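Some notes on the structure that comes next.
Chain letters run A, B, ... following the sequence lines, proteins first, then strands; residues in each count from 1. Note that the structure is a prediction, hence the values are computed from the model and not measured.
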Number of protein chains: 2
Amino acid sequence: MKQKITIKTIAKELGVSSSTVSKALKDSHEISKETKERIQAYADHYNYKPNHLALQLRNQKTKVIGVILPKIVHHFFSTVISGIEDGANKKGYNIMVCFSNESYKKEVETLKVLSNGSVDGIIMSIARETLHNKDYDHFKGIVSEEIPFVLFDRVVDEILCDKVVVDDVGAGYKATKHLLENGRKKIALITTPNHVNVGALRRQGYEKALIEQYININTGLIVEIDETKSIKPQIEKVFENDIDGVFAVNEIYAANAMRIAKELGKSVPNDISIIGFTDGLISEYSSPSITTIAQHGFTMGQQAVDLLIQRIENDAIDFRPKKIVISSDLKLRESTKSM
Amino acid sequence: MKQKITIKTIAKELGVSSSTVSKALKDSHEISKETKERIQAYADHYNYKPNHLALQLRNQKTKVIGVILPKIVHHFFSTVISGIEDGANKKGYNIMVCFSNESYKKEVETLKVLSNGSVDGIIMSIARETLHNKDYDHFKGIVSEEIPFVLFDRVVDEILCDKVVVDDVGAGYKATKHLLENGRKKIALITTPNHVNVGALRRQGYEKALIEQYININTGLIVEIDETKSIKPQIEKVFENDIDGVFAVNEIYAANAMRIAKELGKSVPNDISIIGFTDGLISEYSSPSITTIAQHGFTMGQQAVDLLIQRIENDAIDFRPKKIVISSDLKLRESTKSM
DNA sequence: TATGAACACGAAACCGTTTTCGTAAGGTTT
DNA sequence: AAACCTTACGAAAACGGTTTCGTGTTCATA
C-alpha cells in the first residue's frame with residue numbers, strides 16, 4: 001500500500017505546525033483565510049484523508065458495532081443484519097459481522113475478540129450449542145465491563161442486558177388458532193428441541209391455543225427436530241398419524257412437511273393446512289405458497305441497533321435492561337386457504 | 001462503559017515504568033522473574049486486555065477486511081460472505097460488512113469510508129446502478145492508493161484489480177446445452193439487462209449453445225427483466241411464445257417461470273423444462289425442485305479473501321492483477337428430468 | 001502613550017502501546 | 001585496579017490526530 005499523506009507531512013511541506021493544519025482542515029476561525037486556503041488546497045490535491053485509527057484512539061470510540069450471528073445463509077438472520085446495518089448507518093456507525101456457526105467455542109472466541117475494544121457495542125443472537133449447554137459464563141465479562149450489549153431473538157433471561165425478541169408465544173398462538181379456525185383438529189407441531197428457547201415459546205403458544213379449544217395436547221403430534229440428523233424422515237413420522245394441519249417453527253420444516261404431504265397424495269390446503277414461521281423466499285415461491293408468521297427481521301435489527309446506540313451514547317441511561325417485544329403477523333397464503 | 005485498565009495504570013500502581021510493564025507482559029528476558037510475576041499477577045487480577053486501537057495505530061494494520069455487497073438478503077451473497085468470513089478467520093482477520101443496496105451513491109460513500117484506514121483491504125461486488133451508469137471513477141482512488149482490493153462476481157474490466165468470477169459464459173452454455181439435450185427447441189432466456197455483466201455473459205453462453213445446434217437466436221424469446229417493475233408480467237409475456245424450455249439467470253426468475261407455467265396448465269418437466277442459476281433454497285424446496293447452476297459462493301468468498309490477504313501481506317507480490325475463475329456445476333433436479 | 005482586545009499561529013500534552021537506546025549497579029576478567 | 005560484560009530497568013520517540021494554552025503581533029481605544 002502506498003504511504004498515505006498525514007497532517008504532519010502537510011505541515012512540514014507548508015512550513016506550518018500540525019496544529020495549524022488540523023485547525024485549517026476543520027475551517028477553524030483561529031486560522032487566517034489565506035493559510036486555510038493554502039492548506040486545504042494542498043490537502044485536496046494530495047487527497048488527504050484523516051486516519052481513522054488515530055481518531056478512534058483519541059476519542060476512545062470506534063463507531064463500529066459488532067454483530068455476532070449463529071449463521072448468515074439464513075433468511076431471517078440476513079434480514080436482521082440488513083436492519084442493523086440500516087439503523088447503524090443512519091447514526092454514522094459501521095458494522096463488523098462475525099459468525100458463531102452455532103458453535104459454543106466459536107461464540108466464546110468471537111465475543112472475546114470483539115470485546116477488546118474494536119467495537120463500541122455488540123448485538124448478538126445465541127448459538128444453538130450454547131443454548132444447549134446452558135453455559136453463559138462468557139457473557140459475564142461483557143456485562144461486568146459494561147460493554148453496551150443487546151441480544152435478539154435467541155435470548156436467555158440469565159444474561160442481564162437489553163433484548164429484542166418477537167412475541168413467540170403470541171405468534172405460536174396465532175398460527176395454531178388460525179389452523180383451528182380453518183377447521184383443523186389434528187395439528188402437528190414441528191419444532192426444535194426445547195433448549196432452543198424460541199422453539200419452546202412457540203410451543204407454548206401452540207399448546208395454549210389447543211387448550212382454549214378443549215383439545216388435549218397429544219405429544220405424538222409434536223416432533224422436536226434433531227438437526228444433526230436428516231430432517232425429512234423425522235417429519236415423515238408424524239404424518240403416520242392422520243394429521244390435518246401442520247405448524248412448523250421455520251420455513252424449512254414447513255417446506256419439508258409440504259413435500260411429504262404431496263408425496264403421500266394429500267392436497268394442500270384441501271386435505272391438510274400448513275403454516276410456517278419466518279417469511280422467507282421459500283414460503284413465497286413454493287407452490288402452493290405457504291402461510292407464515294412474518295417475523296419482521298428488518299425491524300428487529302433496527303430496534304436492536306437503536307437500543308444499542310442509546311446505550312453507547314447515553315451513559316446516564318436507565319440501568320435496568322430493556323426488553324423490546326416485536327409483534328409478528330400472520331401472512332396468509334395458499335397453504336391455509338379455508339376450504 | 002467501565003474505564004478499562006491500561007498499561008499506564010498498572011505501571012503507576014506498581015511503581016514501575018510502562019515499558020517495563022509492556023515487556024513483562026510479553027515475558028521479555030529483560031525483566032527479572034520477580035517483577036514479571038508481580039506485573040502479570042496484577043494484570044490477570046484486573047483482567048487487563050491490550051487496547052486494540054492503540055495496537056492498530058502503532059502497527060498500521062487493523063486485521064480487518066472490508067466487504068461491500070449490493071445486498072445481503074440474497075442466498076448467493078450471503079453464501080459468499082460466509083466463505084469470506086471463514087477464510088478471513090483462519091488467517092486471523094475479521095470482516096466489516098457494508099451494503100450498497102444496489103445504489104451508486106451509497107457505494108461511493110461506503111467505499112470512501114472503508115478506504116480511510118479502517119480496513120486493510122476490501123472485497124466487493126458492484127452495485128447494479130453503478131454497472132448501469134458505467135461510472136467507475138470512485139475506484140480510481142482505491143487503485144492509485146494501492147489499497148488491496150478484490151472484486152468478485154459483478155466485476156468490470158475497466159478496474160485494474162484482482163478478481164474472482166464464475167465462468168458465466170460456460171455456465172450459460174452448460175445450462176442451455178442441457179436443455180437442448182433434453183430435446184427442447186424453443187428455449188426462453190430470462191435475464192437481466194445487459195449492463196449487469198454476469199447477465200450478459202450468461203447470455204453469451206446461451207447463444208453459443210444455440211448456434212452450435214444451428215438454432216437461430218430468437219430475440220423474442222429473450223426477456224431482460226426490469227427490476228424496478230413487477231417481475232411476473234414481464235415473464236408471462238415470453239410464455240406467449242410456445243416455449244418448451246426456460247433458462248433463468250437466477251432462482252427468483254426461475255421460480256416465477258415455474259409458477260407461470262403451472263398457471264398455464266403446463267407440466268414441469270413434461271411440457272417444459274426449467275433451469276435456474278444460484279443454488280438456493282427456493283430451487284431445492286420448490287416442487288418440482290429446480291435444476292440449477294451451482295455457483296459455489298462459499299468457495300468464491302474463500303478464494304477472494306485468500307487473494308486479498310496475499311496482497312495485504314506480501315508487498316512484493318506480482319503487480320499484475322490476478323483473475324480467478326471458479327467453475328460452476330449443473331445440479332440436476334426434477335424440473336429438467338428427461339422425458 | 002499605555003492598555004487591551006483581536007488575530008494567527010505554535011508548543012505540548014494526550015489517547016495506549018511498542019521498541020530502541022541508554023545507563024546504573026553489580027559481577028567477572030585480566 | 002582497570003576494563004568489560006550482564007542484568008534490570010527507564011526515558012523517549014513513534015503511530016496520527018485534536019485540543020488547550022500560551023504568545024507575539026497588530027490595531028483600536030482611553
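Two residues, A/Gly15 and B/Lys4, neighbour DNA chain C, and the one matched to the more 5' nucleotide by heavy-atom proximity is A/Gly15.
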Report the C-alpha separation of B/Phe139 and B/Leu111 in whole Å, then their side-chain angles, then the decisive distance to 0.1 Å, and conclude whether the side-chain contact (heavy atoms from CB on, under 4.5 Å) test is met. CA-CA 8 Å; B/Phe139 294 106; B/Leu111 207 53; 3.8 Å; yes
Does the side chain to side chain donor-acceptor pair (under 3.5 Å) test come out yes or no for B/Asp162 and B/Gln310, once each step is laid out? CA-CA 11 Å; B/Asp162 293 331; B/Gln310 262 185 45; over 6 Å; no
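The distance between atom CG of B/Leu55 and atom C1' of C/dC15, rounded to the nearest whole Å, is 13 Å. As a whole-Å value, the separation of B/Ile10 CD1 from C/dT17 P is 8 Å. Rounded to an integer number of Å, the gap from B/Lys12 NZ to C/dC14 C1' is 12 Å. Computed from coordinates, the A/Lys8 NZ to C/dA12 P distance equals 14 Å when rounded to whole Å.
Using a cut-off of 4.0 Å between Lys/Arg side-chain N and Asp/Glu carboxylate O, A/Lys63 and A/Glu313 are scored as salt-bridged. Using a cutoff of 4.0 Å between basic side-chain nitrogens and carboxylate oxygens, A/Glu129 and A/Lys106 are not scored as salt-bridged.
In this structure, A/Glu158 places its CD atom where more than 12 heavy-atom neighbours from other residues, nucleotides or ligands lie under 6.0 Å away. Taking a 6.0 Å sphere around NZ of A/Lys61, one finds it holds 12 or fewer heavy atoms contributed by other residues, nucleotides or ligands.
Using bins of under 30°, 30° to 60° and over 60° for the plane-to-plane angle, the ring pair A/Tyr104/A/His138 lands in the perpendicular bin.
The terminal axes of the helix from C/dT1-D/dA30 to C/dT30-D/dA1, fitted over 5 pairs per end, subtend an angle of 70° to the nearest 10°.
Here chain B contacts DNA chain D (any atom closer than 4.0 Å to a heavy atom, that is under 4.0 Å), and the contacts span D/dA8 to D/dG16 from 5' to 3'.
B/Phe298 places none of its side-chain heavy atoms less than 4.5 Å from the side chain of B/Ile81. No side-chain heavy atom of A/Val305 sits under 4.5 Å from any side-chain heavy atom of A/Tyr93. Looking at B/Val80 and B/Ile84, their side chains come closer than 4.5 Å, going by heavy atoms from C-beta outward.
Side-chain N or O atoms of B/Glu146 include none that pairs as donor or acceptor with a backbone N or O of B/Val143 at under 3.5 Å.
Among residues at least two apart or in separate chains, there is no salt bridge (charged side-chain N to carboxylate O under 4.0 Å, His left out) pair with a member in residues 6-15 of chain B.
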Between the protein and nucleotides 19-21 of chain C, list the N/O to N/O atom pairs that are separated by less than 3.5 angstrom.
residue	atom	partner	partner atom	Å
C/dT20	O4	B/Lys23	NZ	3.4

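Residue B/Val16 is in sugar-phosphate contact alone, with no base atom involved, counting any heavy-atom pair closer than 4.0 Å across all strands shown. Across all strands, B/Leu57 comes closer than 4.0 Å to base atoms (heavy-atom distances).
Every residue two or more places apart in sequence or in another chain that forms a ring-ring contact (aromatic ring centres under 6.0 Å, His included) with B/His74 is listed here: B/Phe77.
Listed by residue number, the members of residues 32-53 of chain A with any heavy atom below 4.0 angstrom from DNA chain C are A/Ser32, A/Thr35.
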